[in-house]
Amino acid sequence: MDILEYLNPAQRQAVEAIDGPVLILAGPGSGKTRVITHRVAYLIKTCRVSPRRIMAVTFTNKAAKEMTERLEKLVAGSVKDITVGTFHAICAKILHIDGKAIDIDPKFVIYDDDDQMVLVKRAFEEQSLDPKQVNPSSVITAISHAKSKMQSPADYTKRARSYFEEVVGRIYERYQRLLTESKALDFDDLLLKTVELFKKQPDVLNHYQERYLHVMVDEFQDTNMVQYELVRLLSGKYRNICVVGDPDQSIYSWRAADLHNILSFEHDFKDAKVIFLEQNYRSTKTILETASHVISANQQRKPVKLWTENDTGEQVMLVEAFTEQEEAQFVVREIERLTGQGKFKLGDFAVMFRTNAQSRVLEEVFVRYGTPYRLVAGTKFYERREIKDVIAYFRLIHNPQDSVSLMRVINVPGRGIGDQTLDKLAMWAKSLGVSTYEALKILLEARQNGHDLAYPFTNRAADSLLRFTAIIEDCIKKSREVNLIELFDFLTESSGYKVYTLADQDGQERWDNVLELRSKAENYADLPTTEALMAFLENVALVSDTDSLETAADRVTLITLHQAKGLEFAVVFIVGVEEKLLPHIRSFDDPEQMEEERRIFYVGITRAKLCVYLVHSFRRNFQGQSQVNSPSRFLDDIPKHLTRTPGWQTEQPAVTTDSIYTWSRSKIEETNTPAPASSLPDFKDGDRVKHAQFGEGVVVTTKKSGADIEVTVAFKNAGLKRLLLAYAKLEKI
DNA sequence: CGAAAGGCTCTTTTT
DNA sequence: GAGCCTTTCG
């Protein structure tokens, strides 16, 4: 097979440019992944580079997985030797092996954002700070951004200029100490410590530089400063670094991603070859043109000229719904209509939204209509309580210093260990100058040896603590004797967790989840248990289960715009294309954020191959309260000739007065063919009526409107509405 | 100590 | 509307 076959000239150039730094600017649908995978294949097959000496870094696990799968088809036997993974996974591996050189215990655990929150709140408490005055999650964000910029707590504090920053500095410092005490690293630390390792230990760096002759980075526009520093260090020796990105698809600035890294790259590697991939193979001309108009309104960007040989295709459909229910209903019905014509199957459709909260209504309506769907990242497996509990037990066995896990499970199932006891235990441990778990062990040993020991809690509390400690100690002992699965079973039995879970209302379901975790652990049963435990814990920390979404089933995909990046669908619905939602309200006072919102919208549009529906709703429930949203400003950037609206919509444009809703388009509610007006019951002023949605009310006025009759009704609960009889299904009562 | 109820805030995107 | 926290009561 010729690796260069079927590549266009620019793609081919990108594949063949293997010496020295390369920057590939790849528009949506331009065959980016194809270029990377073929480049790897070219290196291995044509240039005879050992697969061991190639690293391909991705941003998400999903991307890593896809790359592996596609490489499988090109260089089957070699795939296992290529280093393919996310920044975080690769760094975790490096730190497990070489972290000792900068005092990182190989038994470190990885803290996710929940764990982070626990520590930050603990830091708040210790500093007597009120979480209501300073928002802990904004502190976490600030800490994360500081880490992304490689600022230590001291660095940060030095620069603190406001009260908030001063608080962040204090919390950051304490938080970091708590992490160290727990022998834990957060996500940012994985990157930061690896950079630190490389900088402080030149021989370690040298080893990795020697090994990785070729380094490739996907989604480069999403890298932050640490990540960029990391690849810069790694490729510092041979300088065979190839980064692929698209500044217009940079949508992760909130995670400190910095699209300026692309500029820095050109600056740091002045001899870099720059290759543009501009031919789009995915979308129709209309879709590509629409997307180009949307993104062109951004000021902070270089103009690019995307083009395609694909058909012109259909116009983009602009739809206004009344409520989010109607919005969802329109989507489902349209999908039904299109699949009914036999042109599409359900798997061809995606419904995209800005915020996860929007998915609920969609789900409800999909369920009501019986339309199969898959919700990407609904309730995540690893976020379930029972899963987190069991993992916490394992983390504790692996690393008893892990205070977050200890506190999580010490009283789960209930052992009569309450806040009082825990407070006293913490104080006691502090006075002894040991960690909480060490204090527990001291207690256990004293009891076993019959020593007297002064402790500040009651004997009953001490007994409870000892029972717990004995369980963990037993598990630790067991972990030296049995494999991971046997340990799993021993743990869930001896801790009482199995009985505790099954006793619950939906206990069977929760226990089934635990068993699913157990089946994941089976992958590690052949390894020595200590090693297995480490690999298992690393995997559950870094791999979210959205990454392993089955795509085989023929279902409609419900997905956030962020998660949709990198995917493609025949037909794309973007819902909630409204001010305050897309652009999101949080971006209103920041032009840079606003540009990012536009890029998010751009990413959504460019996912579509054939059709795009942009749907907004006149009214939407937000925090229980209904609010009126106007169509997104981004829609103004789309030339009219590229769009159309559904027939029913142009007949009766929405009219609003005094912020009172005046005209319902509930026609999509029940029937597409309204009953003839003549057969409608007559309503006159004062009639009491009932409406499916609005409830009971009284007719205020009636008036002829074309073939139909418009009735204004004062509803008891929903206020004044003007309704068309043909559609509104009013009942006399 | 723990369960239950009530009150509060806050809602972007995720490795 | 949900999740989190605090309060209250047994």
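Residue numbering restarts at 1 for every chain, and letters A, B, ... go by the order of the sequence lines.
- Closest contact between the side chain of A:H88 and the listed nucleotides B:dT15, B:dT13, C:dC5 involves B:dT15.
- Contact annotation: A:T560 reaches the phosphate of B:dT14 (side-chain N/O to OP1 or OP2, under 4.0 Å).
- Under the 6.0 Å distance and 45° angle rule, A:R599 does not count as a cation-pi partner of A:Y602.
- Between C:dC5, B:dT13, B:dT15, one nucleotide has an atom nearer to the side chain of A:N356 than all others, and that is B:dT13.
- Ionic pairing of A:E363 and A:R360 is not present here: no N-O contact between side-chain nitrogen and carboxylate oxygen is shorter than 4.0 angstrom.
- DNA chain B is contacted by both A:G414 and A:E596; A:G414 maps to the nucleotide lying nearer its 5′ end (nearest heavy atom per residue).
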task = With side chain to side chain contact (heavy atoms under 4.5 Å, CB included) as the test, would you mind laying out the steps for A:D258 and A:N224 before giving the verdict?
result = CA-CA 5 Å; A:D258 190 351; A:N224 61 30; 5.6 Å; no

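- Closest to the A:K121 side chain, of the nucleotides C:dC5, B:dT15, B:dC1, is C:dC5.
- Rounded to whole angstrom, the span from the NZ atom of A:K132 across to the C1' atom of B:dT9 amounts to 9 Å.
- Using the Watson-Crick or G-U wobble rule with both distances under 3.5 Å, B:dT13 pairs with nothing in any strand shown.
- For A:Q563, counting side-chain heavy atoms from C-beta on, the closest listed nucleotide (B:dT13, B:dT14, B:dC1) is B:dT14.
- Among C:dG1, B:dT15, B:dT14, the nucleotide with an atom closest to any side-chain atom of A:R360 is C:dG1.
- A:T421 comes within 4.0 angstrom of the backbone, heavy atoms only, and of no base.
- In this structure, A:D189 places its CG atom 13 Å from C1' of B:dT15, rounding to the nearest Å.
- Contacts of A:F59 with the nucleic acid, taken as non-hydrogen atoms under 4.0 Å apart, involve only primed sugar atoms and P, OP1 or OP2.
- Counting heavy atoms from C-beta on, the side chains of A:T469 and A:L443 never come closer than 4.5 Å.
- Nucleic acid contact class of A:I600 (heavy atoms, under 4.0 Å, all strands): none.
- When the P atom of C:dC4 is taken as reference, atom CD of A:E125 falls 17 Å away, rounded to whole Å.
- The A:H562 side chain lies nearest to B:dT13 when the options are B:dT13, B:dC1, B:dT14.
- Side-chain contact check for A:H260 versus A:Y228: every heavy-atom pair is 4.5 Å or farther apart.
- A cation-pi contact links A:R633 to A:F588, judged by a cut-off of 6.0 Å to the six-membered ring centre and 45° from its axis.
- Remark: P of C:dC4 and CD of A:E383 are 10 Å apart, rounded to the nearest angstrom.
- One can place CG of A:D115 at 15 Å from P of B:dT15, the figure rounded to the nearest angstrom.
- A straight line from CG of A:N135 to P of B:dC10 spans 6 Å, rounded to a whole angstrom.
- The interatomic distance linking A:L542 (CG) with B:dT15 (P) rounds to 10 Å, in whole Å.
- Rounding to whole angstrom units, CG of residue A:D113 and P of C:dG3 are separated by 16 Å.
- Nearest to the side chain of A:N411, among B:dT14, B:dC1, B:dG2, sits B:dG2.
- Stacking is found between A:W254 and the pyrimidine-like six-membered ring of the B:dT13 base under the 5.5 Å centre-distance and 30° plane-angle cut-offs.
- Sequence order on DNA chain B of the closest nucleotides to A:Q420 and A:T86 puts A:Q420 first from the 5' end.
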